[in-house]
Peer 1: 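This is the structure I want to talk about, given as structure tokens.
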Amino acid sequence: MLEVKSSVGKHESDIPLLKVDDTLADFFAQRQVVINKLKTMDDAQKQAMYENENAVLPVLLAAMDVICLQDIPEQSVELIFALEKKFVLFGKLSTHYSPTYKPLNDQIHCPDVYICLAAMLLRYFFDAHDINALNSAIRVLDKVCLQIEKHTPIENIARLINVLNEEKRALRELSHV
Amino acid sequence: MSKRLPFGLVWFPGMRAKAYLNVLKELDVYPSVIICMKNSRSEIDGLSQEAVENGYNEDYFDVDYGLDDYLPQYDCSVIYTDATDINDQIIAHVLRQQTEKNWIFTGGGILKEHLFNDGMKFLHVHPGKLPDYRGSTCFYFSLLKDMTLSASAFYLSAKLDDGEVLLTTNFKVNILISEKNKLFIDHVLDPWIRSISLKQVLVKVLNKQPIKTVSYSESNARAYYVMHPVLRSMVVDCINRHYVSAEDKGVFVIK
């Protein structure tokens with residue numbers, strides 16, 4: 001099976017140009033393998049993710065519930081793209097950020113934050129034709145898969161499965177497959 | 001008779017620098033001074049062979065033409081450094097020692113503010129239409145979006161991909177990508193489109209033609225981030241699906 005290697009931590013010139021044949025099929029298969037390794041969080045871990053007003057997960061979840069992208073509060077939109085940039089630059093996301101987007105803790109192994117960010121980025125692909133957002137979503141989900149491989153627990157398994165399905169839909173739409 | 005350019009050249013070894021050097025040779029010009037950096041990634045395994053098999057040297061640029069070939073033909077000052085990053089202190093130090101203020105930039109990192117002191121200007125060519133396509137791997141994104149390909153020549157500023165755009169060159173793409181030319185996009189096409197844009201700027205400069213600059217700052221367009229391998233493979237697929245065998249094969253400047 002062709003292994004589509006993650007782009008995490010790679011220099012631009014190290015990212016290979018892949019064969020187009022079977023690329024998507026293999027990529028989806030790799031995502032599917034990860035589902036079998038899912039582990040859920042305990043209650044204490046879940047609570048820590050939502051504590052105080054600097055937690056990003058409640059903001060992302062609220063944005064996910066808004067039907068129209070244009071109706072998402074400006075501050076939430078700002079957070080989404082700030083987190084995207086943080087991830088691109090540093091390859092990690094914390095569960096809590098200051099109003100100026102400085103990470104407030106070292107809790108970077110929280111897949112649900114990444115999953116929700118990916119969910120919102122995929123919405124920007126579907127609703128605003130933002131290919132950049134799709135690109136970031138795929139890279140964020142690469143990170144999620146790496147975390148799950150290391151048995152990092154997640155809060156909401158159904159949410160991950162849904163986001164992976166959305167990723168698949170996005171790639172199929174873009175590839176005309 | 002060869003002409004001296006009103007530019008220095010900061011040489012960061014790699015395909016972009018070689019593509020630019022091919023242009024200088026074609027125009028029979030030389031920079032006022034060359035400051036050499038080092039790059040451990042400069043050589044691309046298999047590129048020379050692929051170039052021979054696919055005719056890159058004839059259709060695009062000689063991928064093996066380097067300073068060792070160029071320098072014997074031109075009376076040009078060369079300063080060698082061990083710098084591997086454009087922001088290394090030695091580069092700023094050497095730049096300050098030169099009377100030249102205008103430099104052709106061939107890579108080596110994202111310039112920090114201190115390099116713009118003392119009126120230094122760096123001519124850069126970005127592989128994307130500015131301000132719409134800022135950031136990284138832009139030409140992949142524009143090809144995926146609507147099969148467009150452009151390069152923008154501009155003077156760098158301390159802000160990424162912001163500055164005065166001198167000109168934008170647009171290209172038409174009609175090629176097939178396969179295992180036989182897998183190095184083409186990153187190591188030939190990218191540097192080549194930049195070199196064509198550079199050439200257009202240099203021709204205007206040499207002919208003392210005015211260049212109307214377009215300034216922009218705080219562009220609304222989000223910067224593009226390094227493209228994921230899966231999307232890159234889709235770009236290849238997109239290029240191949242748009243290939244028309246009845247038309248001339250290659251990459252062409254749209255006039």
Peer 1: Give a yes or no on this: more than 12 heavy atoms of other residues, nucleotides or ligands lie within 6.0 Å of atom CG of B/Asp68.
Peer 2: no

Peer 1: Search all heavy atoms of B/His228 against all heavy atoms of A/Asp142 and return the closest pair with its distance.
Peer 2: NE2-OD2, 2.6 Å

Peer 1: Take atom CG of B/Asp45 as the centre, draw a 6.0 Å sphere, and report whether it contains more than 12 heavy atoms from other residues, nucleotides or ligands.
Peer 2: no

Peer 1: With a sphere of 6.0 Å drawn around CD of B/Glu53, does it hold more than 12 non-hydrogen atoms of other residues, nucleotides or ligands?
Peer 2: yes

Peer 1: Please round to the nearest 0.5 Å and tell me the distance separating atom OH of A/Tyr124 and atom CZ of B/Arg222.
Peer 2: 9.0 Å

Peer 1: When rounded to the nearest 0.5 angstrom, what is the spacing between CD1 in A/Ile131 and CG in B/Leu231?
Peer 2: 8.0 Å

Peer 1: Rounded to the nearest 0.5 Å, what separates atom SG in B/Cys238 from atom CG in A/Leu174?
Peer 2: 8.0 Å

Peer 1: Taking atom CZ of A/Arg139 and atom OH of B/Tyr225, what is their separation to the nearest 0.5 Å?
Peer 2: 9.5 Å

Peer 1: Measuring from B/Tyr133:OH to A/Asn132:CG, what's the distance to the nearest 0.5 Å?
Peer 2: 10.0 Å

Peer 1: Looking only at non-hydrogen atoms, find the nearest pair between A/Thr23 and B/Ser233 and report the distance.
Peer 2: CG2-OG, 3.4 Å

Peer 1: Around atom CG of A/Asn36, are there more than 12 heavy atoms from other residues, nucleotides or ligands closer than 6.0 Å?
Peer 2: yes

Peer 1: Using a cut-off of 6.0 Å, state whether more than 12 heavy atoms not belonging to A/Lys92 lie near its atom NZ.
Peer 2: no

Peer 1: Got a sec: does the CD of A/Glu149 have more than 12 other heavy atoms crowding it under 6.0 Å?
Peer 2: yes

Peer 1: Taking side chain as C-beta onward, heavy atoms only, is A/Leu171 less than 4.5 Å from B/Met234?
Peer 2: yes

